[in-house]
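Here is the structure we will look at, set down as structure tokens.
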2 protein chains.
Amino acid sequence: MKAITIKDIAKKCGVGVSTVSRAINNHPDISEETRTMIMEVIKESNFVPNKSARNLKLLDTKTIAVLIKGIDNPFFQNMIKVFEEEIQDRRYSFILHRVDSNQDEIEVALELIKEKRLKGIVFLGGNFSHQEEKLKEINIPFVLSTIAIAGDVDKNLYSSVCVDDKNESEKVVNFLCNQGHTKIAILAAGKSDQSISKLRIQGYRNALIKRNIPINENLIRHINDNENIQIIENGYKLMKELLASGEEFTAVYSISDSMAIGASKAILENGKRIPQDYSIVGFDGLDITYYYNPSITTIRQPVEEMARETTKILFDLINKKTQNQHRVFQGELIERESTSELNR
Amino acid sequence: MKAITIKDIAKKCGVGVSTVSRAINNHPDISEETRTMIMEVIKESNFVPNKSARNLKLLDTKTIAVLIKGIDNPFFQNMIKVFEEEIQDRRYSFILHRVDSNQDEIEVALELIKEKRLKGIVFLGGNFSHQEEKLKEINIPFVLSTIAIAGDVDKNLYSSVCVDDKNESEKVVNFLCNQGHTKIAILAAGKSDQSISKLRIQGYRNALIKRNIPINENLIRHINDNENIQIIENGYKLMKELLASGEEFTAVYSISDSMAIGASKAILENGKRIPQDYSIVGFDGLDITYYYNPSITTIRQPVEEMARETTKILFDLINKKTQNQHRVFQGELIERESTSELNR
DNA sequence: TTGTATGCGTTATCAA
DNA sequence: TTGATAACGCATACAA
């Protein structure tokens with residue numbers, strides 16, 4: 001069974017293909033009469049235009065793609081909604097494209113740009129340890145959102161929106177120190193991570209160093225390199241190991257809320273109390289941290305505002321109202337039940 | 001700056017376009033020599049073939065699309081991984097396409113079929129209250145996965161994989177009854193829902209009716225129609241209302257784990273204990289139910305196996321090894337800390 | 001207001 | 001083993 005095309009419709013209607021095309025695309029230069037007639041036939045015939053053909057022909061497509069690495073990250077879900085709203089409000093169409101963890105997001109972007117004639121791209125998540133050369137190949141506006149870029153890259157080549165991971169991390173550790181904690185464990189990503197995990201560990205170290213608190217390397221715990229910090233179980237396992245190790249500590253800082261949940265469970269299963277025996281802090285500000293029992297102290301990233309700013313910068317770039325920009329947001333430390341003063 | 005095409009590459013290499021095409025697509029009838037030469041030039045020039053043109057020309061594309069409605073549903077995340085694996089194992093390419101809650105998934109499917117020359121489709125999530133007519137328009141194999149189809153539709157028109165929502169729901173309520181509970185509240189989706197929520201409420205009713213336990217309509221609580229059962233907060237609010245209403249009950253059955261979490265928090269915030277004051281059961285089998293404190297009794301849907309079976313049926317259909325099939329999986333009741341015998 | 005013809009960038013057929 | 005050329009389905013410049 002051959003697929004139905006615009007030609008078939010034209011034939012059925014006794015008109016030319018261009019007239020059908022005009023009807024479909026709401027062109028003004030067509031009589032209302034023939035338009036409705038054509039649309040009628042189209043509906044009857046269940047005709048659906050072929051987008052590939054359309055994209056091939058068009059050189060101007062008002063569409064934005066969001067390339068997301070780690071679509072299972074609950075942290076991104078609210079951002080996606082904002083992207084969709086903001087983009088559609090501006091009469092652009094929105095494409096959400098998932099990129100696999102072992103795919104190169106720039107390659108994917110390059111393909112998509114050609115295929116869909118994109119006007120702009122948002123890169124959401126991932127490490128982005130790319131060469132400048134690669135970045136330069138992207139010849140349309142793009143913004144890196146919540147991505148820590150590894151290495152030295154010319155800031156004029158890209159725009160970005162994120163929180164200052166190092167600084168926010170320092171904030172967390174300072175908070176714990178202010179409560180009297182000095183033996184603070186940190187649950188981090190794989191050892192070879194060069195992205196947010198690395199930055200947050202740096203913040204952890206900085207905070208301790210500034211207070212002359214000795215750093216116990218045994219309290220810096222990593223999951224495996226092929227594992228994900230968004231998996232609750234990984235925090236759970238890490239904490240079980242830490243507890244079993246006999247290493248002394250009074251507080252735990254998990255670089256993700258998900259692992260903080262897992263860690264909490266491990267602590268509770270060991271018959272210990274939160275926060276009386278161990279204080280625990282997460283990072284991200286997921287909803288679940290409020291609903292967990294006990295509720296979990298965390299750094300909330302202002303995800304909606306960040307998403308909004310991302311699209312704003314992107315459209316400013318598209319409309320040539322701005323050069324590449326880098327916007328750094330503040331996180332908000334939300335104190336909850338999982339942390340308390342250390343009683344010595 | 002005009003985009004670079006296969007013609008430019010051909011010119012640069014001093015060969016014809018068809019030779020370049022052959023090089024790109026690993027055709028056998030080309031000398032290794034020219035192949036490497038061409039690939040070299042392609043790399044240097046950063047040439048990326050245009051997929052729209054490719055899809056337009058091709059009539060045989062080994063690709064499967066998964067159309068997912070409710071991508072923020074944590075329940076689907078593990079399934080997606082399985083789909084990707086299974087599909088790629090069979091040397092097909094995998095497209096994950098998100099469909100918005102107010103979009104018609106069949107329209108989207110029809111567009112995608114034409115655009116990408118799909119070989120098969122998986123519909124994941126959503127209500128699917130479609131006419132038979134619409135279903136018939138889809139002229140390639142497809143499977144509905146974890147979708148409750150509303151109304152009477154000829155089973156020969158589609159394949160499906162799901163759990164028996166009504167039956168599993170009955171299982172939950174029976175379990176609570178066996179523990180001595182008779183005043184059981186249920187937290188459900190919006191009143192006008194015609195999908196899983198409706199079925200699970202039916203199961204709830206059936207279980208009670210079979211035991212001659214009177215049904216208190218005030219214990220059947222609905223969220224708003226425009227709200228989502230995957231949002232923790234919705235369970236929280238619903239439970240707050242229920243507690244404030246003064247209606248008596250000893251157990252709560254939430255039709256989603258997410259709402260069960262929210263409900264648990266509401267109970268705990270009210271100074272009540274789980275399960276001593278209220279038993280609570282969820283549905284889905286999300287990881288978080290294990291990690292929550294207390295851990296939550298739930299019905300686990302065997303998501304991985306269901307995803308695997310979905311792809312199996314789909315490929316059997318593609319390879320004409322089978323007619324349309326309907327596979328119903330059993331859920332597994334996992335008893336945890338959130339439920340206990342009622343002490344009167 | 002409408003129809004004809006051309007080209008978008010690829011792949012496949014055919015001839016060389 | 002190669003190259004020229006005809007589609008694929010649509011939008012549009014141009015002619016009518």
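Just so we're on the same page: letters track the sequence lines, and every chain starts at 1. Both backbone and side-chain heavy atoms feed into the values below; hydrogens, waters and symmetry mates do not.
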Rounding to a whole Å, what distance do you find between B/K51:NZ and D/dG9:C1'?
19 Å
Looking at A/R54, I'd like to know whether one of its side-chain N or O atoms comes within less than 4.0 Å of OP1 or OP2 on D/dC10.
no
Given atom CZ of A/R117 and atom P of C/dC8, what is their separation to the nearest angstrom?
10 Å
Side chain A/N25, main chain A/S21, donor-acceptor under 3.5 Å
yes
Starting from P on C/dT1, measure out to CD1 on A/I38 and report it in whole angstrom.
13 Å
Where the side chain of A/V17 is concerned, which of C/dT11, C/dT4, C/dT2 is the nearest nucleotide?
C/dT4
Round to a whole Å and report the spacing from NZ of A/K116 to C1' of C/dG9.
16 Å
Spacing of A/I113 atom CD1 relative to C/dG9 atom C1', expressed in whole Å
17 Å
Name the nucleic acid region contacted by A/T34, choosing base, sugar-phosphate or nothing; use a 4.0 angstrom heavy-atom cut-off, strictly under.
sugar-phosphate
Closest nucleotide among C/dT10, C/dC8, D/dA11 to the B/I6 side chain:
C/dT10
Among C/dT1, D/dA13, D/dT1, which nucleotide has an atom closest to any side-chain atom of B/S31?
D/dT1
B/Y158-B/F142 aromatic ring centre distance below 6.0 Å
no
Sorted by position of nearest nucleotide on DNA chain C, 5' first, the leading residue of A/P28 and B/K57 is A/P28
Would you tell me if any nitrogen or oxygen in the side chain of A/S21 comes within less than 4.0 Å of OP1 or OP2 on D/dT12?
no
Is B/N50 close enough to C/dC8 that one of its side-chain N or O atoms is under 4.0 Å from OP1 or OP2 there?
no
Looking at the side chain of B/P49, which of C/dT10, D/dC8, D/dC10 is the nearest nucleotide?
C/dT10
Could you check whether A/D100 pairs with A/R98 (Lys NZ or Arg NE/NH1/NH2 to Asp/Glu carboxylate O, under 4.0 Å)?
yes
Taking D/dT2, C/dT1, D/dC8 as options, the one with an atom nearest any side-chain atom of A/D29 is C/dT1
Contact class for A/L58 (heavy atom, under 4.0 Å): base, sugar-phosphate, or nothing?
sugar-phosphate
Side-chain-base donor-acceptor pair under 3.5 Å for B/S18 and D/dA4:
yes
So does A/T5 get a side-chain nitrogen or oxygen closer than 4.0 Å to the phosphate oxygens (OP1/OP2) of D/dG9?
no
Does a distance-only test, which skips hydrogens and angles, find a donor-acceptor pair under 3.5 Å between the side chain of A/K7 and the base of D/dG9?
no
NZ/NE/NH1/NH2 to OD/OE distance under 4.0 Å, A/K312 and A/D316:
yes
Do you know which two heavy atoms are closest between A/S145 and A/F83, and how far apart they sit?
OG-CZ, 4.1 Å
Side-chain (B/H27) to main-chain (B/T19) donor-acceptor, under 3.5 angstrom:
no
When the nearest nucleotide of DNA chain D is assigned to B/K114 and to B/I30 on a heavy-atom basis, which residue is associated with the more 5' position?
B/I30
Are OP1 or OP2 of D/dC10 and a side-chain N or O of A/N55 less than 4.0 angstrom apart?
no
Please report the distance, rounded to the nearest Å, between CG in A/D8 and P in D/dG9.
9 Å
Quick one: label B/R35 by what it contacts on the DNA or RNA (base, sugar-phosphate, nothing), any heavy atom closer than 4.0 Å.
nothing
At less than 4.0 Å, is any side-chain N or O atom of A/H27 found next to OP1 or OP2 of C/dT1? Yes or no.
no
With side-chain contact (heavy atoms from CB on, under 4.5 Å) as the test, pick out the partner of A/F94 among A/V122, A/V66, A/T63.
A/V66
What is the distance, to the nearest angstrom, from the CG atom on A/L59 to the P atom on D/dC10?
18 Å
Grab the CZ-P distance between B/R22 and D/dG3 for me, whole Å please.
8 Å
Touch check for A/L56, heavy atoms < 4.0 angstrom, all strands: base, sugar-phosphate only, or nothing?
base
Would you mind classifying the nucleic acid contact of B/V15 as base, sugar-phosphate or nothing, using non-hydrogen atoms under 4.0 angstrom?
sugar-phosphate
